[in-house]
Amino acid sequence: MNKKIGNIFKGDKVIWMVFFFLCMISIVEVFSASSNLTYKSQNYIGPIAYHAITIFMGVIVALITLNIPCRYFKLLTPFLMLLSLVTLLWVLVAGTKVGDAGRWINLFGFTFQPSEIAKGTIVLAVAQILAAMQRENGADRKAFKWILWIAGTACFLIGLENLSTAAMLFVVVLLMMFIGQVPLKQLGKLIAVIACVGVFAISLVMLVGHDINDQEPEVVKTEKVDQPKKSKNFIEKMFHRADTWKSRIKKFGRPAPTPMEYDLDKDAQVAHANIAIVSSNVIGKGPGQSVERDFLSQAFSDFIFAIVIEELGLLGASFVVFLYVILLYRAARIASRCENNFPAFLVMGLALLLVIQATFNMMVAVGLAPVTGQPLPLISKGGTSTIINCAYVGAILSISRSAKMKKEPEETKNIG
């Protein structure tokens, strides 16, 4: 029986355990955090049933992916790059909007985010370039230009609708180049250019964006009804989310208000997330006992870590953080044992993608970063993102199973 189970769940057993725990925490916490959805739909089993089915589909995708030998991932690169380019352009022209962001494509009733596909594709492409252009003293200088063209184009297209995802992806690419021994001089120049572009972009956002939240509701309403819509110029079209970006920058830059100064109409997410965290204590209120889930917008997605802290306490939240740390550690161990460069770079890129996104989400939840709209990988409620993140885990497991490994000394084997 154990042999049969082992034949199904192949690959690194520790990563399987991390994956299992994250999925179980996801099902419990999403069920608890979906109270608003169940109340509105009057269907108490529907939202969690949908999420459980999504998790199950994700596990199936992970099992399929881990059975693909990692050498075949290279063959997928050109097809995935073409798919990513087409869908990223498609979403800019005819994307389905939620709020002021058009990040989704609706195809035959199935909605997905092209940026989720593009993230893994860029990691795959960068790993392939770094592996192909490795020399005795590190990566060839030309590798930097190829990576910059491919990653820069993708990040630009993603950033027009989802700036936080583009920034996160570029951080992952930067770390992959560092791991791939791209010359430090080139990386230093790139960081300097990014800093300058960042300052310019923030200045432009603050100039183009409008302080809608600071206006009286009656004034905004009058402007919408009485004034004809003005045609937008090129800069305004590119920065059509400037109002949202400006609002988030200004909110994050302000000194933290006292509890009596909080405006629950404008700062509801941050306020209720803080209340959830402060009221958690060490062991939390217990699974399903959250109070702030009824008041916190996107409690089941962007702010689910606040609900995790409220229900599971500091101990439970530390355990979740520990799971992501273990995932990164095991990926680094697998990478260090790979004989070939491509699987080593790919496993590190995919692990960094998951862990850095998790870090962004948790920092937002505890107030250390501005609101970005990044879900917590493998825990937040989601469709496309959940299944694709499961595929990333499957790819990591495939590398741990099928990549050619260096022989370990007997002493190291006994320790591991």
Side-chain angles (χ1 to χ4, degrees), residues 15 17-39 44 47-52 54-56 58-59 164 168 267-329 351 353-383 385-387 389-390 392-393:
I15 290 178
M17 290 301 296
V18 169
F19 183 45
F20 171 78
F21 277 119
L22 288 173
C23 288
M24 289 303 101
I25 291 168
S26 175
I27 290 172
V28 172
E29 292 305 312
V30 168
F31 181 51
S32 175
S34 300
S35 59
N36 272 329
L37 294 178
T38 57
Y39 176 77
Y44 294 94
I48 189 58
Y50 172 81
H51 183 62
T54 304
I55 291 283
F56 178 74
V59 173
S164 59
M168 181 193 70
D267 301 312
Q269 283 184 314
V270 176
H272 288 295
N274 287 342
I275 293 169
I277 292 166
V278 169
S279 63
S280 65
N281 296 320
V282 177
I283 58 173
K285 296 175 180 176
Q289 301 302 313
S290 170
V291 174
E292 296 308 310
R293 65 188 177 188
D294 296 327
F295 307 99
L296 183 56
S297 173
Q298 297 298 315
F300 50 82
S301 181
D302 301 349
F303 280 86
I304 198 167
F305 190 63
I307 304 302
V308 169
I309 297 174
E310 184 184 11
E311 294 191 348
L312 305 182
L314 296 177
L315 289 177
S318 299
F319 179 67
V320 171
V321 173
F322 180 69
L323 289 175
Y324 288 110
V325 172
I326 290 295
L327 176 63
L328 185 61
Y329 168 75
L353 199 59
L354 293 169
V355 173
I356 288 176
Q357 183 174 329
T359 304
F360 273 26
N361 176 279
M362 292 186 282
M363 287 176 68
V364 169
V366 299
L368 294 177
V371 178
T372 59
Q374 290 294 328
L376 188 58
L378 302 170
I379 292 183
S380 290
K381 182 179 183 295
S385 60
T386 298
I387 292 172
N389 286 334
C390 289
Y392 295 160
V393 173

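Heavy atoms only: backbone and side chains are in, while hydrogens, waters and symmetry mates are out. None of the values given here were measured: they were computed from a predicted structure. All residue numbers in this chain count up from 1 along the given sequence.
By the 4.5 Å heavy-atom criterion applied to side chains, Leu22 and Phe19 are not counted as neighbours. Considering only heavy atoms from C-beta on, Val321 comes within 4.5 Å of Phe305 through its side chain. Residues Val366 and Ile309 have side chains in contact (heavy-atom distance under 4.5 Å, counting atoms from C-beta outward). Using a 4.5 Å heavy-atom cutoff, the side chains of Val291 and Ser279 are not in contact.
Separation of atoms CZ (Phe303) and OG (Ser380) is listed at 11.0 Å; rounding is to 0.5 Å. Atom NE2 of residue His51 and atom CZ of residue Phe31 lie 12.0 Å apart, to the nearest 0.5 angstrom. Remark: Leu328 CG to Leu323 CG distance equals 13.0 Å, nearest 0.5 Å. In this structure, CD1 on Ile387 lies 9.5 Å from CD1 on Ile55, to the nearest 0.5 angstrom.
When every heavy atom of Ala365 is checked against every heavy atom of Ala306, the shortest pair comes out as CB-N, 4.0 Å.
Tested against Thr54 for a side-chain contact (heavy atoms from CB on, under 4.5 Å), the candidates Val30, Thr386, Val59 yield a single pass: Thr386.
Remark: side-chain polar atoms of Ser26 are paired, donor with acceptor, to backbone N or O of Ile379 under 3.5 angstrom. With Tyr324 contributing its side chain and Ile356 its backbone, the two residues share no donor-acceptor pair below 3.5 Å. Within the 3.5 Å criterion, the main-chain N or O of Pro375 finds a donor-acceptor partner in the side chain of Gln357. Put simply, the side chain of Asn361 gets close to the backbone of Gln374: a donor and an acceptor are under 3.5 Å apart. Glu311 places a side-chain N or O within donor-acceptor distance of the main-chain N or O of Gly288, the cut-off being under 3.5 Å.
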Open item on the list: Run the side-chain contact (heavy atoms from CB on, under 4.5 Å) test on Val393 and Val18 for me, step by step, so that the C-alpha distance in whole Å, both residues' side-chain angles and the decisive distance to 0.1 Å come before the verdict.
Closed with: CA-CA 10 Å; Val393 173; Val18 169; over 6 Å; no
- [ ] Show your working on side-chain contact (heavy atoms from CB on, under 4.5 Å) between Tyr392 and Leu378 and close with a plain yes or no.
- [x] CA-CA 11 Å; Tyr392 295 160; Leu378 302 170; over 6 Å; no
Open item on the list: Run the side-chain contact (heavy atoms from CB on, under 4.5 Å) test on Leu312 and Glu29 for me, step by step, so that the C-alpha distance in whole Å, both residues' side-chain angles and the decisive distance to 0.1 Å come before the verdict.
Closed with: CA-CA 10 Å; Leu312 305 182; Glu29 292 305 312; 3.9 Å; yes
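No more than 12 heavy atoms of other residues, nucleotides or ligands lie within 6.0 Å of CD1 in Ile283, so this atom counts as exposed by the packing criterion.
A donor atom on one side chain and an acceptor atom on the other are not found under 3.5 Å apart for Ser280 and Glu310.
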